[in-house]
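Okay, so here's the structure we're looking at.
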Protein chains: 2
Amino acid sequence: MAQSSQKINMADVARAAGVSMATASRALNNENGVAEATRRRVLAVAEELSYVVSPEASRLAGGDTGRVAVVVPHISRWFFAALLEGLESVLRAADLDVLLYHVDGIEDRHDFFHRLPARRKVDAVVVLAFPVGEEEQRRLGLMGVTIIAAGGQHAPYPNVSINDETAGRQAMDHLLFLGHRRIAMIAAVDPDQPDEVQPSGRSNAYYAALRDAGIPLDERLVVTVDWGGDQGADAMAKLLSRPEPPTAVYAHSDEVALGAIRTLRRAGLRIPEDLSVIGIDDHPVAELTDLTTVRQPVREQGELAGRMLLSILRGEETEHDVVVPTQLVIRGSTAPPRS
Amino acid sequence: MAQSSQKINMADVARAAGVSMATASRALNNENGVAEATRRRVLAVAEELSYVVSPEASRLAGGDTGRVAVVVPHISRWFFAALLEGLESVLRAADLDVLLYHVDGIEDRHDFFHRLPARRKVDAVVVLAFPVGEEEQRRLGLMGVTIIAAGGQHAPYPNVSINDETAGRQAMDHLLFLGHRRIAMIAAVDPDQPDEVQPSGRSNAYYAALRDAGIPLDERLVVTVDWGGDQGADAMAKLLSRPEPPTAVYAHSDEVALGAIRTLRRAGLRIPEDLSVIGIDDHPVAELTDLTTVRQPVREQGELAGRMLLSILRGEETEHDVVVPTQLVIRGSTAPPRS
DNA sequence: TTCGGCAACGGAAACGCTTCCGAAACGACC
DNA sequence: GGTCGTTTCGGAAGCGTTTCCGTTGCCGAA
């Protein structure tokens, strides 16, 4: 049976149903202008012949592509993958296909915006945690498709994200509340992102929190590193070598925090007895390593972005900036400072 | 300049290059029968106009889609994401677009193979770490496209993977070499995969290693759990409650190992002084947590699969089963048993 | 009876490419 | 110089839909 499904096209269906192709097309697409009886007949014949439209021909002749491009700077890092997972789930539920574009590093990035490989291939593009510069926005613009963003900072496009400064404050306030006053910060930046962007709300939170608590800033307690756990380990080593080491460390991400912890453990320090460490994100391993952190709903951000896109595609209005809440998760890596 | 790029098609390119569409098409597709000079001119013009072929038209007219579907059971777990990352990188370098299909859970899985959403949309499908059953193979078959696999076990399709049993042996042999004789195993299975598959080489390795070492099997030392770190933690608790607890734990994955370690630490046990733990995979956090493990090159498997696919698509012959080597990575979670 | 209007439907022109087939150009070789 | 084989290239026929315009038939109103 299945093998006989050779090459039936709409013309065959139309003929078998005794109508013109125009009518067949309208019936199949549930457009109006077709008598109910006729529609049913066409549908029945189509089913009988197990006919499916050719997406290419359909698109060529004027329909949508039914595809959306997703641009991500990283795939194998949990945060990005989780975002993607959320997005994909709602898009595919809506029968949209997801075209994945991994833009890795500055060169690839340039190439992407230059060649616009997704051009003419999709109905929309969503940029995941991917700050786009001015010029890049212009380039994207000439694809002439809907654009939305997720997981990054606010953008000129409809977008969903968290408030980094709030998240940072939740972490810092927790440390402060426990009584810490010598708090270090390991700030992380993504070397793949152009410098122009990243006004780091997570850093601002640190400064603001100290100021509000009346604690003078000690520049030697903040270290900035490229993203990554190893970097976190190095940063911690640096911090440990300060004349007056901190009693707590605020890391911009859980991975960095984990790196810091490794250094601490190797140095024979106990956590949280000797030193408290807090991260941000609530990476799955945070739970496995008893790391106190600030959770952000990652998959949900992806899903939200997906729904947003769907309504835009349907021509509905949507919010422009949606911000999802973060939440302090207290686990075993933080405690009051030692007497 | 760029904004005038509204609707350029191959006819425009041909005209601008002073050739016919036939020639333009041949040049763009790197077919032969075109003078080198001509080809270069066409390519230059195309670049200049930032032209990209319409996949629909191309496909409709008989060419291929330039797209490949990637089917994954999970996205946000490191292993799968890394595989995907490797694959995507080589595919995109070859100017192939990647259509991502996340098949999540048994229901979704059924739906996927039933509806075959990728049908008529791609030139090939690669299944990532995704054992496919007999019936599913049949369904896939009637898509009539190339199929390859990566990151799973051997398959009826060309595929790349590691030897799970070898990997397991490397882990076990390390423990044995250190002098451990009471070794526990925490076996992990993926609840999303049908039971029929998964003949777990990682488990076989455990039994074989013990046998070869002349150590009698103690059933109470093996616990099987669903995949996931929390499960690992529970399993470890169970192991700890045994009358004669193990001196070392062999976990099927790093995540599971991490879960086990959390339980150990919470119980006040030190690693590796009181107990050794070894995992498999070399998840990035393994390095951050000083976990001894057996590394498998994940991204590389994805890349390999990609190259394999490319040559098949080019009509070349390739190996059917390629197996990549694994390697013991000794870090701080294993040591000789206490006295 | 005639006519305007409307719903249902058909003809045929795109849509943007690939590819078959034949023409032209160019050497090489007798 | 003529013949033949290669290359290189152009004309044009599809590929399977959608959609713009018409046409037809029918009903109610004038």
Side-chain angles (χ1 to χ4, degrees), chain A residues 5-43 45-46 49-67 117-123 143-144, chain B residues 5-43 45-46 49-67 95-97 119-123 144 313 315:
Chain A
S5 63
Q6 275 307 41
K7 282 159 179 302
I8 35 176
N9 52 31
M10 191 178 284
D12 297 321
V13 175
R15 196 174 320 118
V19 297
S20 71
M21 279 192 55
T23 300
S25 172
R26 281 185 284 251
L28 261 351
N29 291 344
N30 243 305
E31 290 175 8
N32 44 19
V34 187
E36 196 45 38
T38 311
R39 173 191 319 267
R40 255 202 292 277
R41 183 154 33 94
V42 173
L43 258 24
V45 171
L49 269 48
S50 84
Y51 162 81
V52 288
V53 304
S54 154
E56 350 284 336
S58 172
R59 161 60 172 160
L60 221 212
D64 291 327
T65 66
R67 275 175 241 133
R119 157 177 262 165
R120 297 170 113 223
K121 297 181 184 170
V122 297
D123 298 331
M143 282 184 59
Chain B
S5 62
Q6 275 307 37
K7 280 160 179 306
I8 35 175
N9 50 31
M10 189 178 283
D12 297 321
V13 175
R15 197 173 320 118
V19 298
S20 71
M21 278 192 57
T23 300
S25 172
R26 281 187 283 251
L28 261 352
N29 290 341
N30 245 306
E31 289 175 10
N32 44 20
V34 186
E36 196 45 37
T38 311
R39 176 193 315 275
R40 256 201 291 276
R41 182 153 34 91
V42 173
L43 257 24
V45 171
L49 269 47
S50 83
Y51 163 80
V52 290
V53 305
S54 155
E56 348 285 338
S58 173
R59 166 70 164 152
L60 223 210
D64 33 38
T65 65
R67 280 176 234 132
D95 257 314
L96 286 176
D97 285 315
R119 159 178 253 163
R120 298 175 109 200
K121 295 182 185 168
V122 296
D123 299 331
L313 252 25

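We name chains A, B, ... by the order of the sequence lines, and we start the count at 1 in each one.
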Using atom names, set out every protein N or O paired with an N or O of nucleotides 15-21 of chain D below 3.5 Å, distance rounded to 0.1 Å.
{"residue": "D:dC15", "atom": "O2", "partner": "B:Leu60", "partner atom": "O", "Å": "3.3"}
{"residue": "D:dC15", "atom": "O2", "partner": "B:Ala61", "partner atom": "N", "Å": "3.4"}
{"residue": "D:dT17", "atom": "OP1", "partner": "A:Tyr51", "partner atom": "OH", "Å": "2.6"}
{"residue": "D:dT17", "atom": "OP1", "partner": "A:Ser54", "partner atom": "N", "Å": "3.3"}
{"residue": "D:dT17", "atom": "OP2", "partner": "A:Met10", "partner atom": "N", "Å": "2.6"}
{"residue": "D:dT17", "atom": "OP2", "partner": "A:Tyr51", "partner atom": "OH", "Å": "3.4"}
{"residue": "D:dT17", "atom": "O5'", "partner": "A:Tyr51", "partner atom": "OH", "Å": "3.0"}
{"residue": "D:dT18", "atom": "OP1", "partner": "A:Asn29", "partner atom": "ND2", "Å": "2.9"}
{"residue": "D:dT18", "atom": "OP2", "partner": "A:Ser25", "partner atom": "OG", "Å": "2.4"}

Looking at [X] and [Y], would you say the former's side chain and the latter's main chain have a donor-acceptor pair under 3.5 Å?
X        : Y        : result
B:Asn9   : B:Asp12  : yes
B:Arg120 : A:Val52  : yes
B:Arg67  : B:Lys121 : yes
B:Asp123 : B:Gly66  : yes
A:Arg119 : B:Ser50  : yes
B:Arg41  : B:Ala17  : yes

Subject >> Charged N-O contact under 4.0 Å between B:Arg59 and B:Glu56 >> reply: no
Subject >> Heavy atoms from other residues, nucleotides or ligands near CG of A:Asn32 exceed 12 (cutoff 6.0 Å) >> reply: no
**OP:** Mind calculating the distance between CG (B:Asn32) and P (C:dT18) to the nearest angstrom?
**Re:** 15 Å
**OP:** If a protein heavy atom is under 4.0 Å from the base, mark B; if only from the sugar-phosphate, S; if neither, -; do that for nucleotides 23-28 of chain D going 5' to 3'.
**Re:** ------
